[in-house]
Amino acid sequence: MFWVVAGLLRLLLIIWAIQPNPNANTQRRRFNGGPQPVDAVQATKGDIDVTLNALGTVTPLATVTVRPQVSGQLLKFDVEEGQMVKAGDVLAEIDPRTFQAAVDQAVGTLQKDQAALQEARIDVQRYANLVKLNAISTQTYTAAIATAKQAEGTVKTDQASVDQAKINLQYTKITSPVSGRVGLRQVDVGNLVESGQANGVVVVTELQPISVLFSIPEDNIGAIMEQVNGGQTLRVDAYDRAQIKKLASGTLSTVDNQIDTTTGTVKLRANFDNREGALFPQQFVNIQLLVNTLHNQVIVPAAAIGRGSSGAYVFVVNSDSTVSMRAVTLGAVQGDKQAIAKGLKVGETVVTDGADRLK
């Protein structure tokens with residue numbers, strides 16, 4: 001019984017193998033002669049932006065560690081961590097009482113010496129009249145003049161002491177030297193702070209404007225410097241890591257003065273106003289630098305370009321709905337737009353989808 005069943009199965013397999021495939025003729029016609037459905041568009045004329053891509057790092061134009069300039073007890077902070085401040089805003093305050101006392105003492109000394117100066121000047125004037133009458137000796141008159149000069153010098157020294165004391169009093173209010181965002185505080189209220197201490201009391205980072213540092217290959221520096229030396233302002237766009245979302249647009253600020261021989265690249269800086277705060281210090285971003293804009297270019301979708309052993313080509317749709325393979329010379333590319341430098345005219349139709357079924 002087993003051998004009978006095995007023989008029947010073998011016979012069925014042989015019959016199935018020799019049956020013709022009903023789709024074979026359709027596929028044979030599809031690849032060997034019949035009309036093929038394709039997508040096609042006309043070549044147009046337009047502008048192509050020549051851009052350079054680079055990886056950049058968001059770098060603040062100023063990061064300041066705010067250090068106290070006088071020593072004393074920290075009384076309070078006038079700002080919160082993470083708060084946006086302007087240049088000159090008070091960040092924290094040091095106990096001002098000893099510094100106010102120093103001002104008062106300096107002012108008192110100044111007033112005393114000013115009175116002495118006034119008396120010395122009166123003596124000089126009186127002795128001048130007496131020396132004319134030969135009532136006193138010339139030596140006495142000369143000594144009075146010297147005393148007045150000394151008093152003038154003392155008053156100037158006292159005035160400088162007053163100014164210094166007032167400056168120290170002003171330093172008890174620790175102010176921000178730049179506009180930006182306040183970082184985490186480095187010391188708590190109630191602690192004694194020293195003049196010029198290393199860690200400071202807080203760090204202020206300028207965010208608006210902000211810059212991005214990036215590098216480009218040295219082979220591209222010539223095209224950039226040609227535009228810069230011609231007075232052109234080059235646009236720079238910053239994108240996220242996925243190069244999908246544009247974070248901000250700015251302008252090229254400066255080009256470094258030398259090439260890094262270890263990497264063969266040149267550093268550039270671009271400035272952004274960053275009004276919306278999309279750029280954050282030390283953030284990695286993708287940079288697109290607009291070097292030039294080419295006008296009146298023959299443009300086709302990048303999907304229309306095929307590449308073979310002889311170079312780039314396109315399938316051109318003829319008037320009788322046939323196609324011709326034509327070699328082309330490629331120009332600049334911008335996204336999905338490809339400029340054709342040679343081999344195609346505006347208005348000609350090229351295949352963008354289905355070229356793999358054409359011959």
Side-chain angles (χ1 to χ4, degrees), residues 41 43-63 82 84 178-181 205-260 263-305 330-341 352:
V41 297
T44 60
K45 179 182 290 188
D47 297 339
I48 288 286
D49 291 336
V50 180
T51 60
L52 293 176
N53 297 327
L55 182 64
T57 303
V58 179
T59 306
L61 293 175
T63 300
M84 296 297 295
V178 296
S179 299
R181 176 177 292 168
T205 302
E206 186 175 5
L207 300 180
Q208 298 172 345
I210 203 167
S211 71
V212 173
L213 290 178
F214 60 98
S215 300
I216 62 166
E218 59 179 309
D219 295 339
N220 301 120
I221 191 63
I224 295 176
M225 294 308 299
E226 181 180 355
Q227 298 294 325
V228 172
N229 294 334
Q232 300 297 322
T233 300
L234 303 185
R235 190 187 76 201
V236 181
D237 296 325
Y239 288 82
D240 61 2
R241 285 181 178 268
Q243 293 189 354
I244 297 176
K245 180 181 179 181
K246 184 166 75 170
L247 302 177
S249 293
T251 57
L252 182 65
S253 171
T254 184
V255 180
D256 200 1
N257 57 1
Q258 60 183 349
I259 295 173
D260 187 346
T263 61
T265 59
V266 182
K267 289 184 179 180
L268 297 88
R269 184 190 296 273
N271 287 342
F272 300 81
D273 56 28
N274 200 31
R275 293 178 181 175
E276 298 180 357
L279 300 179
F280 201 81
Q282 308 308 319
Q283 176 184 8
F284 288 100
V285 292
N286 286 288
I287 291 296
Q288 289 187 2
L289 170 62
L290 177 61
V291 179
N292 196 7
T293 299
L294 304 177
H295 303 286
N296 300 323
Q297 300 293 300
V298 179
I299 300 175
V300 297
I305 306 300
L330 302 181
V333 61
Q334 178 187 356
D336 60 350
K337 298 192 300 181
Q338 174 68 60
I340 305 297
T352 58

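Because only heavy atoms are used, hydrogens play no part in the values below, and waters and symmetry mates are left out as well, while side chains stay in. All residue numbers refer to positions in the sequence shown, counting from 1.
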So how far is it from [X] [atom1] to [Y] [atom2], rounded to the nearest 0.5 Å?
{"X": "K246", "Y": "D237", "atom1": "NZ", "atom2": "CG", "value": "4.5 Å"}
{"X": "D47", "Y": "Q334", "atom1": "CG", "atom2": "CD", "value": "9.0 Å"}
{"X": "S249", "Y": "F272", "atom1": "OG", "atom2": "CZ", "value": "7.5 Å"}
{"X": "L213", "Y": "T254", "atom1": "CG", "atom2": "OG1", "value": "10.0 Å"}
{"X": "R235", "Y": "L252", "atom1": "CZ", "atom2": "CG", "value": "13.0 Å"}
{"X": "T233", "Y": "L290", "atom1": "OG1", "atom2": "CG", "value": "11.5 Å"}

Do [X] and [Y] have side-chain heavy atoms sitting under 4.5 Å apart?
{"X": "V212", "Y": "V285", "result": "yes"}
{"X": "Q283", "Y": "L247", "result": "yes"}
{"X": "V41", "Y": "V300", "result": "no"}
{"X": "K267", "Y": "D260", "result": "no"}
{"X": "D336", "Y": "P301", "result": "no"}
{"X": "L268", "Y": "D256", "result": "no"}
{"X": "M84", "Y": "L207", "result": "yes"}
{"X": "T205", "Y": "T63", "result": "yes"}

Ignoring hydrogens, what is the shortest heavy-atom contact between [X] and [Y]? Give both atom names and the distance.
{"X": "I210", "Y": "P60", "value": "CG1-CA, 3.9 Å"}
{"X": "A339", "Y": "Q297", "value": "CB-OE1, 4.0 Å"}
{"X": "I259", "Y": "V266", "value": "CG1-CG2, 3.4 Å"}
{"X": "I221", "Y": "V255", "value": "CD1-CG1, 3.7 Å"}
{"X": "Q243", "Y": "N286", "value": "NE2-OD1, 3.2 Å"}
{"X": "T352", "Y": "A304", "value": "CG2-CB, 4.0 Å"}

Check: R269/S253 side-chain N/O donor and acceptor closer than 3.5 Å: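 There is no such pair between these side chains.
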Apply side-chain contact (heavy atoms from CB on, under 4.5 Å) to residues N271 and L61 and explain how you reach the verdict. CA-CA 9 Å; N271 287 342; L61 293 175; 3.9 Å; yes
Derivation of the side-chain hydrogen bond (donor to acceptor under 3.5 Å, both in side chains) call for T293 and D49: CA-CA 4 Å; T293 299; D49 291 336; 3.0 Å; yes
Quick one, F214 with T57, criterion side-chain contact (heavy atoms from CB on, under 4.5 Å). Give me CA distance, side-chain angles, the key distance, then yes/no. CA-CA 7 Å; F214 60 98; T57 303; over 6 Å; no
L52 and I224: CA distance, side-chain angles, deciding distance, side-chain contact (heavy atoms from CB on, under 4.5 Å) verdict: CA-CA 10 Å; L52 293 176; I224 295 176; 3.8 Å; yes
Can you check whether S211's main-chain N or O pairs, donor with acceptor, with T59's side chain at less than 3.5 Å?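 No, T59 side chain to S211 backbone: no donor-acceptor pair under 3.5 Å.
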For V236, is there any backbone N or O sitting under 3.5 Å from a side-chain donor or acceptor partner on Q288?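 No, the answer is negative, given that no donor and acceptor are paired below the 3.5 Å cut-off.
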Would you please test I340 and L330 for side-chain contact (heavy atoms from CB on, under 4.5 Å) and show each step? CA-CA 5 Å; I340 305 297; L330 302 181; 3.9 Å; yes
